[in-house]
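Remember, it's 1-based here, ligands and their atoms both numbered in the order they're listed. All values below come from the heavy atoms of this structure, side chains included, with hydrogens, waters and symmetry mates left out. Just so it is clear, the structure is predicted and the values come from calculations on it, not from any experiment.
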Amino acid sequence: MTDAPWLVPQAAYVHIPFCAHRCGYCDFAIVVGKDHLMVRYLDALEAELETLIQPRPVQTLFIGGGTPSHLPEAQLERLLRVLKRWFPLESDAEYSIEANPESLTADKIVLLAQHGVNRVSLGAQSFDPRSLAVLQRSHDPTTIATAVKCLSGSISQISIDLIFGVPGQTVAHWTDDLDRALNLGISHISTYGLTYEKGTSLWKQRRSGRLIPLTEDDELTLYQTAIERLTKASFTHYEISNFALEGRQSRHNQIYWANYAYYGIGLGAARYVGGVREVNTRDFDAYLAGRRSWQSEKLSPLDRARETMAVQLRRAEGIHRVFYRRQTGHDLDAVAPRLAALVDQGVLIDTSERVFLSANGKYVADAVIEKLL
Ligand code: SF4
């Protein structure tokens with residue numbers, strides 16, 4: 001039990017906060033206009049990695065942001081070299097990095113491949129110039145195709161992020177986005193509904209009435225369109241927001257959805273080690289100065305069991321009763337007394353071996369999970 005993957009991490013997340021500008025919907029831990037501090041950030045990151053004491057072999061490593069591909073080659077090379085030392089990859093590991101289409105260059109892609117990166121998650125968001133403008137993205141649709149073409153020579157797995165529910169977006173626009181993504185021959189697509197996080201530019205525009213959000217019904221139609229379109233193209237809908245060709249699911253994200261342990265390094269990074277969930281400081285200057293001040297939350301076994309239920313239900317496979325008991329020490333039915341009622345309502349399916357969202361349940365997944373909790 002001591003080496004159980006929900007206690008001992010076999011995955012690591014590393015955060016690179018630099019972005020060329022802040023997109024209209026983004027409230028992540030990022031910095032803009034601080035590129036001159038990249039070297040100091042990598043110094044601070046290395047200092048944090050030293051706290052691991054010894055190298056930690058992992059099965060999945062994910063460099064996210066921010067925009068990791070915004071690092072110039074010299075810094076990117078340093079990052080990849082340092083991570084190789086602290087997070088050596090097990091054989092057959094998944095090594096992912098997030099990238100924006102406009103900041104990838106052929107030389108950076110060669111560097112990534114040389115260091116074993118085998119998966120790139122590309123922040124495309126849309127192929128529609130009008131949606132890209134609303135979202136305040138800085139690339140144009142042709143840049144996405146160019147980036148994918150450049151990547152496909154040396155990176156075996158390419159994923160694309162798309163956003164639906166953009167004000168003014170119609171089913172026709174969205175269908176076109178999905179088709180253009182499919183035409184690129186990639187193996188993984190993530191589709192996220194636009195959210196208006198407090199303080200973001202889009203949130204302010206909505207509050208002042210300058211921007212009219214889509215209705216919930218319209219958003220639901222777009223989500224249904226994605227499911228229909230992508231499953232018809234042989235993509236498996238393996239998690240609420242994620243679709244992949246056979247064998248191309250994100251192994252790193254599946255660790256989050258299993259509620260397994262992972263290391264987290266960098267500004268604002270979360271980690272989950274030994275049943276303790278922690279989030280690093282989002283204060284850039286403090287991080288550079290080595291003041292990491294983790295916000296920590298030690299969950300009770302019951303809270304951990306509830307949380308495990310909530311994240312595992314996001315997966316198409318749902319919750320395996322026997323395995324859930326082994327992982328959490330709790331019976332699913334004791335943790336979720338309303339489970340049977342939700343099965344009766346048709347939003348959950350219970351095969352006795354496992355419980356998962358029905359087709360209708362996927363459309364209201366958040367509400368179902370909330371009721372269970
Ligand atoms: S590129 Fe990504 S991380 Fe950077 S501002 Fe835009 S949405 Fe946020």
For atom 2 (Fe) of ligand 1, closest protein heavy-atom neighbour: R137 NH1, 3.9 Å
Residue that, paired with Y262, satisfies ring-ring contact (aromatic ring centres under 6.0 Å, His included) out of F62, Y256, Y13: Y256
Atoms in ligand 1 with a heavy atom of I30 nearer than 4.0 Å: 3 (S), 5 (S)
Electrostatic pair D303:R306 at N-O distance under 4.0 angstrom: yes
R277 charged N/C atom sitting above Y272 aromatic ring, 6.0 Å / 45°: yes
Residue, atom name and distance, where the atom is the protein heavy atom closest to atom 8 (Fe) of ligand 1: C26 SG, 2.3 Å
Contact with ligand 1 for E98, non-hydrogen, under 4.0 angstrom: no
Within reach of ligand 1, part of V32 (heavy-atom separation under 4.0 Å): neither
T67: numbered ligand 1 atoms lying under 4.0 Å from its heavy atoms: 1 (S), 4 (Fe)
Cationic N near anionic O, under 4.0 Å, R321 to D333: yes
D179 with R229: basic N within carboxylate O range, under 4.0 Å: yes
Protein contact to atom 3 (S) of ligand 1 [nearest heavy atom, distance to 0.1 Å]: G66 N, 3.4 Å
R137 bridged to E102 by N-O distance under 4.0 Å: no
Contact flag C19/atom 4 (Fe) of ligand 1, N/O/S atoms, threshold under 2.8 Å: yes
Under 4.0 Å to a heavy atom of H21 - the qualifying atoms of ligand 1, by number: 5 (S)
CZ/R338: more than 12 non-hydrogen atoms of other groups inside 6.0 Å: no
Those atoms of ligand 1 less than 4.0 Å from some heavy atom in F28: 3 (S), 8 (Fe)
NZ or CZ of R180 within 45° of F127 ring axis and under 6.0 Å: no
Closest protein heavy atom (residue, atom, distance) for atom 6 (Fe) of ligand 1: C23 SG, 2.3 Å
Parallel, tilted or perpendicular: rings of F164 and Y223 (30°, 60°): parallel
Protein heavy atom at shortest distance from atom 7 (S) of ligand 1: Y25 OH, 3.4 Å
Nearest non-hydrogen protein atom, atom 1 (S) of ligand 1: N100 ND2, 3.2 Å
Subset of ligand 1 atoms that lie under 4.0 Å from at least one heavy atom of R22: 5 (S)
